[in-house]
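In what follows, every heavy atom counts, from backbone to side chain, and hydrogens, waters and symmetry copies are set aside. Nothing here was measured: the structure is a model prediction, and the numbers come from that model. In what follows, chains carry the letters A, B, and so on, assigned in the order in which the sequence lines appear, proteins first and then strands, with residues in each chain numbered from 1.
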Amino acid sequence: DWERERFTLDQGLSRAVRTAFVGLYEKGLIYRGTYLINWSPGLRTAVSDLEVEYSQEQGSLYYFKYPISGSDEHIPVATTRPETILGDTAVAVHPDDDRYRHLIGQACVVPMLGRAIPVIADTYVDRQFGTGALKITPGHDPADYEIGLRHGLPVISVLNPDASMNENAGPYAGQDRFECRKRLWVDMQAAGLTIKVEPYTLQVPRSQRGGEVIEPMVSTQWFVRMKPLAEPALEAVRSGQIRIVPDRFTKVYYNWLENIRDWCVSRQLWWGHRIPAWYCADCNQMTVAREDPEACSHCGSTRITQDPDVLDTWFSSGLWPFSTLGWPETTIDLKTYYPTSMMETGYDILFFWVARMIMMGLEFTGQPPFRTVYLHGLMRDEHGRKMSKTLGNFIDPLKVMDEFGTDALRFTLLTGSTPGNDITVSLQRVEANRNFANKLWNASRLVLNAIGRAPKRPGSLPEPTLGDRWILARLGGLEREVARLFEAYQFAEAGRQIYEFFWSEFADWYLEIAKLQLEEGPAHAWSTVSTMVHVLDDCLRMLHPFMPFVTEELWQHLRQACREQGGGLGPADGWEQALIVARWPEVEAAAPGAAEDERDFGVIRSLVTAVRNARAENDVPPRKRIPAVVVAGERRRLIESERKTIAALARIDPEGLVVHASLANPPAESVPLVVGEVEVYLPLEGLVDTVAEKGRLSSELANVQAQITRLETLLGGAFADRAPAEVVEKERAKLAELKQAEERIRSQLEGLGA
RNA sequence: GGGCGGUUAGCUCAGUUGGUUAGAGCGUUGCGUUGACAUCGCAAAGGUCGUAGGUUCGAGUCCUAUACCGCCCACCA
């Protein structure tokens with residue numbers, strides 16, 4: 001026998017738990033009583049309904065005879081747990097069942113024990129199932145327990161706390177229940193009482209904790225009356241005071257609370273919050289008190305002992321939103337931080353924790369503990385199984401963080417799934433995000449270097465370049481989008497978009513352009529650095545919730561570098577001490593020319609890409625500068641003003657870059673390209689594979705023509721008059737552009753001698 | 001028995017007010033390495049969105065049915 005040893009829990013929390021317990025007790029919402037509960041034989045404790053999981057297992061259905069006293073007749077009965085026969089106190093049949101109606105009210109005999117029990121009638125019995133007769137074991141089956149109550153049947157328990165048979169099992173006392181099952185059946189066979197055994201799939205109740213088979217047992221425990229607590233909790237969500245994200249869990253929440261049953265909160269464990277009830281050895285009365293009593297509150301006797309049971313761990317967890325803030329005292333923390341805005345947790349503890357926090361919060365503070373419940377999915381292993389300590393199939397986050405970094409893991413978990421959907425952990429994904437953290441680091445390093453070499457702020461600032469205007473327009477768009485996504489609780493999508501912007505636009509394009517601009521003299525250099533700082537600063541602020549460590553580190557460097565530069569780069573003096581307390585970037589409406597800048601830059605970008613593409617296809621050495629003839633039409637001014645950028649990014653010889661508005665005779669021996677309204681010719685004497693180019697252009701032409709046909713059909717049909725004008729207009733513009741492209745490709749094909 | 005989720009590129013997943021040849025990462029293929037980054041760069045190939053209907057000018061996105069996988073709730077012995 002163990003001395004029960006208890007940990008001294010934090011005094012404050014203990015006090016909150018006691019206050020809550022006694023409060024509920026005094027309102028009649030906690031009671032102690034003897035009922036059928038779920039018993040965990042290995043742990044030798046009661047557990048709540050929620051802690052029982054049902055697993056489908058192969059078992060047997062045992063058919064046997066219940067002999068009628070003083071007659072040759074018997075009632076056939078089936079059971080999956082023969083050992084419970086020893087605790088039967090009735091056999092039930094349906095009142096309208098012609099097979100057995102004449103036996104109702106008679107007595108039958110419990111096999112091997114010889115106890116006489118009645119045959120009763122109850123409409124619960126399903127005439128179609130099994131033999132149509134049901135043995136009633138109120139001591140070990142929930143349904144039978146209910147029937148027993150209806151009929152005033154005695155309750156016989158045949159199990160000890162360790163699930164061995166007790167003295168009520170007669171000759172089987174002391175045997176384990178599974179051993180007894182076999183032996184009893186053998187004995188019944190010998191006595192001619194068995195009929196048959198069929199294989200049968202049954203739902204076996206198992207302990208969530210250890211996996212052992214749970215036995216329904218009659219026991220004296222403490223219960224919380226749930227209906228009065230559930231009502232306000234339902235109302236809080238129905239009325240919109242609390243919102244559950246994603247929405248579909250609202251229904252699950254309703255369903256559970258609407259059908260809630262009383263909660264068995266006492267546990268026969270060695271640690272936990274001990275139940276504040278004392279029993280008097282003299283008057284047998286119970287004293288429930290917030291403070292340890294000196295004496296029985298009924299008779300004054302000092303011979304009192306505290307209930308050895310402790311509370312279900314979720315009882316104190318339910319108080320967490322306010323017990324952690326000092327409740328029941330009216331602390332400043334409580335007044336300041338309660339209720340909070342959002343509760344973020346996994347959907348698997350919606351009932352265990354979230355619902356109970358809501359119920360307890362409303363009960364004890366009169367307010368819902370939070371406004372929004374955001375439920376994330378569960379981590380699953382590569383086989384799709386839930387990660388659990390019991391299975392041992394979890395990925396150790398510490399190891400992952402060691403290898404790839406905490407930020408990489410955090411970013412992966414944040415962006416890897418949709419709210420409420422499970423996530424299969426992919427280490428490759430963590431690795432990819434580690435690379436992103438590295439990209440952040442390196443891009444920032446480039447910016448920091450530029451700051452270090454930046455000149456003083458010039459007297460007059462140059463006009464921002466297209467590149468500058470473009471990245472700022474894109475940044476603004478991103479910030480609006482991220483704000484919208486945050487409002488909608490779409491954190492994952494927000495994170496992905498920032499990632500995309502930072503890597504594919506800021507690092508891949510703007511920083512490349514910035515390198516060129518830094519060489520354009522002090523004024524341009526300063527303004528470029530200023531733009532880099534602005535974009536990087538905003539990105540770090542937005543990424544901070546996703547990757548707190550690397551962004552904080554970089555931001556501190558950024559802030560420091562701007563201060564040291566001393567030329568008024570960034571609002572250095574207005575910056576906060578740390579990123580974690582820094583303001584979120586302000587969301588602004590798009591600047592007047594933003595859309596045009598984005599479109600213009602789009603032309604430059606696709607032109608550069610097209611040239612790179614052609615170079616790769618024609619095996620032009622990467623470092624080789626080549627000439628290019630651009631026929632730009634109305635885009636001539638744009639191309640002219642961006643020629644340096646184009647030349648550098650596409651590795652075109654700046655001297656050899658010729659821009660025309662139009663050209664009667666395209667250069668011979670060159671690779672022709674069509675980029676929207678712009679044509680490009682790359683004179684690659686000796687390198688051009690005319691046949692291959694023809695093939696490429698032909699397939700491009702076919703593609704464009706297919707699109708034209710599609711759009712013409714579309715615009716010729718009902719779409720034109722039934723779709724919104726602006727949607728139609730967009731398609732019209734696209735068609736016009738395609739037609740221009742078609743002509744260009746045609747003439748290029750002719751130029752190749754087709 | 002009731003309810004819910006998933007089914008989109010070889011793999012893991014995005015795609016939330018339906019807007020018109022579907023996106024990412026990884027993997028694959030080709031080229032590339034002195035100046036932020038090979039934990040990288042530049043390019044490329046690759047899906048018609050489980051299936052069958054329907055609504056609509058228009059559907060991966062809405063509706064109905066259905067298949068498969070998974071989950072939750074439920075006292076049929």
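- Among A/Trp256, A/Phe249, A/Trp263, the one residue that satisfies the ring-ring contact (aromatic ring centres under 6.0 Å, His included) test with A/Phe351 is A/Trp256.
- A/Tyr374 and A/Phe491 have their aromatic ring centers within a separation under 6.0 angstrom.
- A sub-4.0 Å separation between OP1 or OP2 of B/rA43 and a side-chain N or O of A/Thr609 is present.
- For A/Arg612, the listed nucleotide lying nearest its side chain is B/rA43; candidates were B/rG25, B/rA43, B/rU12.
- At the phosphate of B/rA77, neither OP1 nor OP2 sits under 4.0 Å from any side-chain N or O atom of A/Thr137.
- Look at B/rG41: its Watson-Crick or wobble partner, with both distances under 3.5 angstrom, is B/rC31.
- Results of the ring-ring contact (aromatic ring centres under 6.0 Å, His included) test with A/Phe436 over A/Phe411, A/Phe404, A/Trp441 single out A/Phe411 as the only residue that passes.
- Of the listed nucleotides (B/rC4, B/rA14, B/rA36), B/rC4 has the atom at the smallest distance from the side chain of A/Lys251.
- For A/Tyr145 against B/rC75, a side-chain-to-base donor-acceptor contact under 3.5 Å is absent.
- A/Asn613 comes within contact range of the sugar-phosphate backbone alone, with a heavy-atom separation under 4.0 Å but no base atom that close.
- Considering only side-chain N and O atoms, A/Lys439 lies under 4.0 angstrom from the phosphate OP1 or OP2 of B/rG41.
- Among the heavy atoms of the strands, none lies under 4.0 Å from A/Gly420.
- Using a 4.0 Å heavy-atom distance criterion, A/Arg127 is classed as making no nucleic acid contact.
- Summarising the base pairing, B/rC76 is matched to no nucleotide, lacking a Watson-Crick or G-U wobble pair whose two defining distances lie under 3.5 Å.
- Each of A/Pro419 and A/Ala443 has a nearest nucleotide on RNA chain B; the 5'-most of these lies closest to A/Pro419.
- Within residues 494-510 of chain A, the residues having any heavy atom under 4.0 Å from RNA chain B are, by residue number, A/Arg496, A/Tyr499, A/Trp503, A/Ala507, A/Asp508.
- Remark: B/rG10 base-pairs with B/rC26; criterion is Watson-Crick or G-U wobble with both hydrogen-bond distances under 3.5 Å.
- Rounded to whole Å, the distance from OH on A/Tyr253 to C1' on B/rC72 is 17 Å.
- Nucleic acid contact for A/Arg248: sugar-phosphate only, since backbone atoms but no base atoms lie under 4.0 Å from a heavy atom of the residue.
- Using a 4.0 Å cut-off between charged nitrogen and carboxylate oxygen, A/Arg484 and A/Glu487 do not count as a salt-bridge pair.
- For A/Glu617 and B/rG32, the CD to P distance is 16 Å, given to the nearest whole Å.
- Pairing of B/rG53, defined by two Watson-Crick or G-U wobble distances under 3.5 Å, is identified with B/rC63.
- A/Gln128 comes within contact range of no nucleotide atom at all, as no heavy-atom separation falls under 4.0 Å.
- Look at CG on A/Leu554: it is 17 Å from P on B/rA36, rounded to the nearest Å.
- One atom, OH of A/Tyr254, and another, P of B/rA74, lie 19 Å apart when rounded to the nearest Å.
- The stretch residues 711-722 of chain A touches RNA chain B through A/Leu714, A/Ala718, A/Phe719, A/Arg722, each having a heavy atom within less than 4.0 Å of the strand.
- For A/Glu512 and B/rG35, the CD to C1' distance is 12 Å, given to the nearest whole Å.
- Regarding contacts with the backbone of B/rU16, every side-chain N or O of A/Arg484 stays at 4.0 angstrom or more from both OP1 and OP2.
- The pairing partner recorded for B/rG70 is B/rC4, the criterion being a Watson-Crick or G-U wobble arrangement whose two distances lie under 3.5 angstrom.
- One side chain, A/Asp422 or A/Tyr347, offers a donor N or O that lies under 3.5 Å from an acceptor on the other.
- Other residues, nucleotides and ligands contribute over 12 non-hydrogen atoms within 6.0 Å of the OH atom of A/Tyr254.
- No more than 12 heavy-atom neighbours from other residues, nucleotides or ligands sit within 6.0 angstrom of CD on A/Glu726.
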